[in-house]
Amino acid sequence: MTLDRRNFIKLLGGASSLALAGCASQGGPAVSAGSANEIMAKTGRRVVVIGGGYGGTIAAKYIRMMDKSIEVVLIERNDHFVSCPFSNLYLGGILKDLSPLTIKYDKLAANHGIKVLQAEVTAIDAAAHTVVTSKGTLKYDRLVVSPGVDFRREEVKGYDKAAEEIMPHAWKAGPQTVLLRKQLEAMKDGGTVVMSAPLAPFRCPPGPYERASMIAYYLKQHKPKSKLILLDANPSIVSKGPLFTKGWKKHYDGMIEYRGAKKVTEVDVKNKTVIIEGIEDVKGDVVNLIPPQRAGDIAVAAGLVGDDKRWCPVNADTFESTKHKDIHVIGDASIAGAMPKSGYSANSEAKVCATNIVNALNGKEIVGLSGINTCYSYITDKEAISVAAVYAVKDGKIIAVPNSGGVSPDLNEAEAIYAKSWLNNILTEMSS
Amino acid sequence: MKHRWSGWALVAGTLAFSATASAAPPTAEMLSNACAGCHGTNGGSAGPSMPSLASQSKTAIVDAMKKFKSGERPSTIMGRLAKGYSDADFEAMGNFFSKQKFHATSQVVDKTKAAKGAELQEANCSRCHLDDGKDGKDDTPVMASQWLPYLQMQMELYQSGKRKMPEKMAEKVKPLSREDLEALLHFYASVK
């Protein structure tokens with residue numbers, strides 16, 4: 001095999017943009033689009049954080065907790081954040097609205113002296129250490145990128161922005177979640193809900209299966225003649241498999257039809273139909289299409305994704321990008337070895353990243369990662385299951401510490417109680 | 001083709017950045033910060049069923065973690081997590097949390113029960129649970145301001161025999177009625 005022309009040009013393209021960027025940082029004024037429009041002139045040491053979710057809020061907070069002399073600017077496009085964890089309980093009708101899952105940034109900003117900028121980040125100039133936003137540009141010494149995920153829409157033919165208003169993904173909590181619930185409420189008894197889950201890795205590995213449980217919980221009470229078909233692109237359930245299977249048999253026998261290795265590649269929006277690899281059509285009264293995912297748009301635009309063009313390779317102890325110096329990527333967007341794309345992982349990664357940014361800015365040594373993930377899934381309103389793990393770095397890779405962690409021995413009521421405390425604590429940590 | 005492309009990228013990557021020096025072992029702060037997603041920043045829990053770790057004695061933290069790890073103390077996920085750490089890690093966490101400020105909480109408690117609980121505490125528990133449960137000495141945990149649901153869940157575990165009481169505690173608890181115990185928990189939850 002030889003390097004074909006297309007890829008060779010890509011390679012050249014990459015190299016030349018790197019070279020240009022190098023010029024900009026060495027030579028006189030950077031030629032980046034935004035420097036003329038600088039807002040918040042940088043006086044001392046500054047870290048800019050992009051994204052006010054599970055990762056970004058915590059990175060911003062812990063940097064300030066560890067060193068008050070470092071200015072932190074948190075950029076987020078919205079004035080609030082809605083948690084994906086627990087949004088399935090809203091779909092199940094257990095939560096009346098999304099307010100228990102919604103945080104604002106005012107207390108966080110006031111308690112820690114974080115400058116919160118509500119703006120859309122449109123570009124990152126890595127060489128010039130500049131972030132371009134809808135409100136102007138900002139300089140940084142270090143940048144934390146925590147953008148979550150966006151979708152590989154090109155892999156599901158017909159699934160454009162308009163299609164998601166008919167077949168909601170609800171994989172970013174907010175209006176999409178509300179829309180999906182409205183559709184479930186409007187569906188007739190005896191209807192069919194079709195869910196489709198993409199190939200791993202995706203945000204929240206147990207998420208699709210918890211969602212199937214919660215939708216079935218709703219159907220069982222309000223529309224017991226209905227059924228749910230879960231089309232999973234994966235050959236089998238990605239996370240907590242035996243426990244979900246057991247829970248479905250116990251509570252939703254005959255209601256949830258699980259079908260593995262069914263990859264949806266096309267949608268026929270008009271007929272509310274999903275098409276599996278061009279050969280099989282499945283029609284639903286409600287269709288919840290969870291598309292394949294990648295790092296958030298800004299990470300892709302900034303050239304932070306790796307060879308797979310999907311996720312961002314990072315140093316395992318510092319979360320510094322291996323593509324661009326002084327930029328760190330945390331949360332769902334990063335390739336964090338054994339740590340899953342979960343809210344708690346993002347929280348834990350943010351603290352590791354914050355520690356090592358502060359250390360680097362103060363000329364101190366890098367401290368090795370110690371991380372945790374804890375993740376609960378509800379089967380009914382009263383029964384839940386969990387997975388937990390402790391992480392360390394070995395040979396430059398994040399691994400789960402051997403002989404630790406694992407899943408619940410069985411469905412249980414205690415974890416349905418603990419899960420609520422999990423949510424309360426983690427959202428409190430993010431918002432205060 | 002794909003293989004060759006990643007090879008090229010690897011070369012480019014090595015050229016662009018020097019390898020990072022190997023990291024120092026995780027510090028006490030690094031180990032403990034990971035707990036805060038559930039137990040609150042610096043171990044101050046927002047409740048209702050996870051306890052505050054802030055201001056617990058080092059011995060109490062180490063003792064609890066060892067018992068979670070061995071399974072002697074029942075848990076849902078704590079046992080699974082504790083298995084990921086060494087005794088030295090537990091000591092480091094104990095050091096960290098013992099140095100954090102006492103975390104006072106504002107909870108709605110039954111005032112009558114709390115008043116009765118105050119008397120019971122004075123008569124029965126105060127020799128170990130010092131300063132109304134605010135002072136955690138040796139392996140005695142800080143009880144004051146812990147969230148009521150957490151305290152109730154632990155008392156359930158004690159009563160069912162799943163969690164073992166220290167002998168001195170068992171002697172004191174045995175003559176107390178369920179109402180007495182409930183009053184005691186309301187008292188501890190109310191102490192700031």
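Labels below follow one simple rule: chain letters A, B, ... track the order of the sequence lines, proteins then strands, and each chain is numbered from 1.
Considering all non-hydrogen atoms of both residues, B/C38 and A/T374 come closest at SG-OG1, 3.9 Å.
With rounding to the nearest 0.5 angstrom, the NZ atom of A/K420 is 12.5 Å from the CE atom of B/M50. One distance of note links CD1 of A/I372 with CD1 of B/I77; it measures 8.0 Å at 0.5 Å rounding. Considering NE2 of B/H39 and CH2 of A/W422, their distance stands at 13.5 Å, rounded to 0.5 Å.
Between chain B and the residues A/S408, A/A400, A/P409, the most heavy-atom pairs under 4.5 angstrom are made by A/S408.
A/S386 touches chain B through backbone and side chain together, each having a heavy atom under 4.5 Å away. Residue B/P25 touches chain A through its backbone alone, counting heavy-atom pairs closer than 4.5 Å. Only the backbone of A/L369 comes within contact range of chain B, with heavy atoms under 4.5 Å apart. At a 4.5 Å heavy-atom cutoff, the contact between A/Y418 and chain B is made by backbone and side-chain atoms alike. Heavy atoms of A/A389 lying under 4.5 Å from chain B belong exclusively to its backbone. Looking at A/M66, the atoms closer than 4.5 Å to chain B (heavy atoms on both sides) all sit in the side chain, from C-beta outward. Residue A/V393 does not touch chain B at all, counting heavy-atom pairs closer than 4.5 Å. Interface remark: B/Y85 contributes side-chain atoms only to the contact with chain A (heavy atom separation under 4.5 Å).
You'll find the side chain of B/T41 reaches within 4.5 Å of the side chain of A/M65, heavy atoms only. For the pair A/V401/B/K83, no side-chain contact is recorded, criterion being any heavy-atom separation below 4.5 Å from C-beta on. Proximity of B/P48 to A/N424: side-chain heavy atoms (C-beta onward) are separated by under 4.5 Å at one or more points. With a 4.5 Å cut-off on side-chain heavy atoms, B/R80 and A/V390 do not count as touching.
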